[in-house]
Participant: 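Okay, handing you the structure first.
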Amino acid sequence: MKNSRRNFIWSSLAVSTLTMTRWGWAAGVNGSGIPGSPEMIELGKKWKALNASDAKQRGRERFNDNKYGMFIHWGLYSQCGGIWKGEKMEEGDGTGPRVAEWIMRRKEIPRAEYAKLAKTFNPTKFDADEWVAIAKAAGMQYMVITSKHHDGFALFDSKVSDYNAVKATPFGRDIIRELEQACKRGGISFGVYYSHALDWRDGGDSGMKDYCYHDKPKQEMFVNKFDPAPVKFDDYIANKSLPQVRELVANYDLKEIWLDTPIYIPASHSFEFYKTIYEANPETLVSQRIGNGFGDIGTPGDNVIPDEASENTWEGIATTNNSWGYKSYDEDWKSPKETLFWLLENVSKGGNFLLNVGPDGTGTIPPKSVQNLVAVGQWLKVNGDAIYGTKPWKVTHEGPTGIAIKGTEHRSKKGFKLDVTPEDFWFTKKGNTLYAIAMTRPEGNTVSIKSLKGHPISGINMLGESGQVEWSEKADGIEITLPTFGSKGMGYALEIIS
Ligand code: GLC
């Protein structure tokens, strides 16, 4: 049986690569459904009907217009800051990524011992309105917070499991409710992350035994092998994961639900999640990590700068240092300039950018990350028209700067050196208006934009500056004379009207 299923995977791979290489829907750790199997074809049709509905389309339009959001990883692990019993997570043996929310897995902390962290979870500095104010000052238009990460602990009140912020901690407050309400007051969209297929407390072996069709499991590093709950994966889905997702979509106004880490989840389960969310609110968008291709929002991957543009609905996701959860000793912050670079790389290619902060155990977002985010927010106050509500143009970028970052560890190991020149321009468009965005200002006041050659131009403005912009056509592009900058700051954006 195992072998014939495996052969089927191989013979159907050609089909799956065809659809999967449309990046943004990249395969990876994507569930155990067999591409091309009768079951996948059948479920795929049902998914497509819901995904193509008018309600989902409204959800996608709102999502795409928002462009920039705040991701928040917060939970019991935030109290550890990447250190367990005096030892950093990089020290000693350990399996899995070195990101702080993985401490339970890396240090193989037994479930009962880890649960003691709930007894000390009392983040008295947490203030939902303040977090929303920071997101807004950063120019972000939505927020997505971990309502339950792989450690199984929920930040919302739940009838399904008492292992949550209201019932198991001295804090006793529903953090998800407070943030949902604060986002509403602040006028930004709200969504949650929920680790549906991976739960080191209650998820058993995450389906490895029942649903892994490879002789050697490829995703073993995800799974709790040190102290797994003695339950079948299907029972975990039926008794905790799906009921908690039902609670979330029924009780909170969610614009987005970021299910994560599908590894071995079968297609029937992924589809059940999708249908459940759709029935509660058909406009709520679901991340592709629901598994088996049944998402609404693609992603190029954790801390990945995508190579190409895509008109699919997608979201680049990145950290402000090199961890999602709070890591007390990681000071490798993305500077405002680097942050702006990531934003431009994602938005010019047609995506959103969801940038993460990791508040500590007291409920404080690290001040350095706030400072960097607010600096980009200042830039967006002036140049936001070139970002929000835009779509990709036929050219995404011109100029010498090109940086490949292909994952969280890639950046942390290689470092990040940004050397943008005044010849670098990123492009976006809105209706008949084209935007050319530069991250650095030239020495003199002339620049040349090659990709504008032949583009109909009736006027050019510089966002935030009132001075006249002159232009003339040259052999290799459009030469533009910029006005004297009245403002300080990083770069500038030109609004080119046809
Ligand atoms: C991965 C990690 C997780 C993090 C997420 C963010 O799934 O397991 O820790 O939450 O990526 O995209």
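Computed from a prediction, not measured in an experiment: that's the story for all the values here. Hydrogens, waters and symmetry mates are skipped; everything else that's a heavy atom, side chains included, is used. In listed order, ligands and their atoms are each counted from 1.
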Participant: Please identify which atoms of ligand 1 are closer than 4.0 Å to at least one heavy atom of Arg289.
Facilitator: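 Taking each heavy atom of Arg289 in turn, ligand 1 has 1 (C), 5 (C), 7 (O), 11 (O), 12 (O) under 4.0 Å.
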Participant: Do Ile265 and Ile237 have side-chain heavy atoms sitting under 4.5 Å apart?
Facilitator: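 Yes, close enough: below the 4.5 Å cut-off.
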Participant: What atoms in ligand 1 come closer than 4.0 Å to a heavy atom of Trp102?
Facilitator: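 Selected atoms, number and element: 2 (C), 3 (C), 8 (O), 9 (O).
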Participant: Would you please say whether a donor-acceptor pair under 3.5 Å links the side chains of Asn321 and Ser323?
Facilitator: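 No, no side-chain donor-acceptor pair sits under 3.5 Å.
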Participant: Ignoring hydrogens and angles, state whether a donor on the side chain of Tyr236 or Asp205 is under 3.5 Å from an acceptor on the partner side chain.
Facilitator: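 No, because no side-chain N or O of Tyr236 sits under 3.5 Å from a partner of the opposite role on Asp205.
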Participant: Which atoms of ligand 1 are found less than 4.0 Å from any heavy atom of Thr261?
Facilitator: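 Numbered from 1, ligand 1 contributes 7 (O).
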Participant: Would you say the ring centers of Phe121 and Trp74 fall short of 6.0 Å from each other?
Facilitator: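 Yes, they do, as the ring centres are separated by less than 6.0 Å.
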Participant: For atom 9 (O) of ligand 1, find the nearest protein heavy atom and state the residue, atom name and distance (0.1 Å precision).
Facilitator: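 Minimum-distance protein heavy atom for atom 9 (O) of ligand 1 reads Glu101 OE2, 2.5 Å.
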Participant: Going by atom types only, do Tyr194 and Gln244 share a side-chain donor-acceptor pair under 3.5 Å?
Facilitator: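 Yes, because at least one side-chain N or O of Tyr194 sits under 3.5 Å from a partner of the opposite role on Gln244.
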Participant: Hey, does His150 come in under 3.5 Å of ligand 1, counting only N/O atoms on both sides?
Facilitator: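 Min N/O separation from ligand 1 is below 3.5 Å for His150.
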Participant: Under 30°, 30 to 60°, or over 60°: which ring-plane class applies to Tyr193 and Trp258, parallel, tilted or perpendicular?
Facilitator: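 Judged by the thresholds at 30° and 60°, the geometry between Tyr193 and Trp258 is parallel.
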Participant: For atom 12 (O) of ligand 1, what is the nearest protein heavy atom, given as residue, atom name and distance?
Facilitator: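 Heavy-atom neighbour on the protein nearest atom 12 (O) of ligand 1: Asp302 OD1, 2.8 Å.
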Participant: Tell me, which protein residue and heavy-atom name are nearest atom 7 (O) of ligand 1, and how many Å apart are they?
Facilitator: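 Here the nearest protein heavy atom works out to Asp260 OD2, 2.7 Å.
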Participant: At a 4.0 Å threshold, what atoms of ligand 1 neighbour a non-hydrogen atom of Ile317?
Facilitator: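 The list of qualifying atoms is 12 (O).
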Participant: Quick one: which ligand 1 atoms are inside 4.0 Å of a heavy atom on His149?
Facilitator: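 Selected atoms, number and element: 3 (C), 4 (C), 9 (O), 10 (O).
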Participant: Cation-pi between Arg177 and Phe156: NZ/CZ under 6.0 Å from ring centre and within 45° of the ring axis?
Facilitator: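 Ring-cation test returns no.
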Participant: For atom 10 (O) of ligand 1, which protein heavy atom lies nearest, and how many Å away is it?
Facilitator: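 Going atom by atom, the protein heavy atom closest to atom 10 (O) of ligand 1 ends up being His73 NE2, 2.6 Å.
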Participant: Answer with yes or no whether the side chains of Asn292 and Ser270 bring together a donor and an acceptor at under 3.5 Å.
Facilitator: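 Yes - a donor-acceptor pair under 3.5 Å links their side chains.
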Participant: Is it the side chain, the backbone, both or neither of Tyr193 that has a heavy atom closer than 4.0 Å to ligand 1?
Facilitator: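 Under 4.0 Å from ligand 1, Tyr193 contributes side-chain atoms alone.
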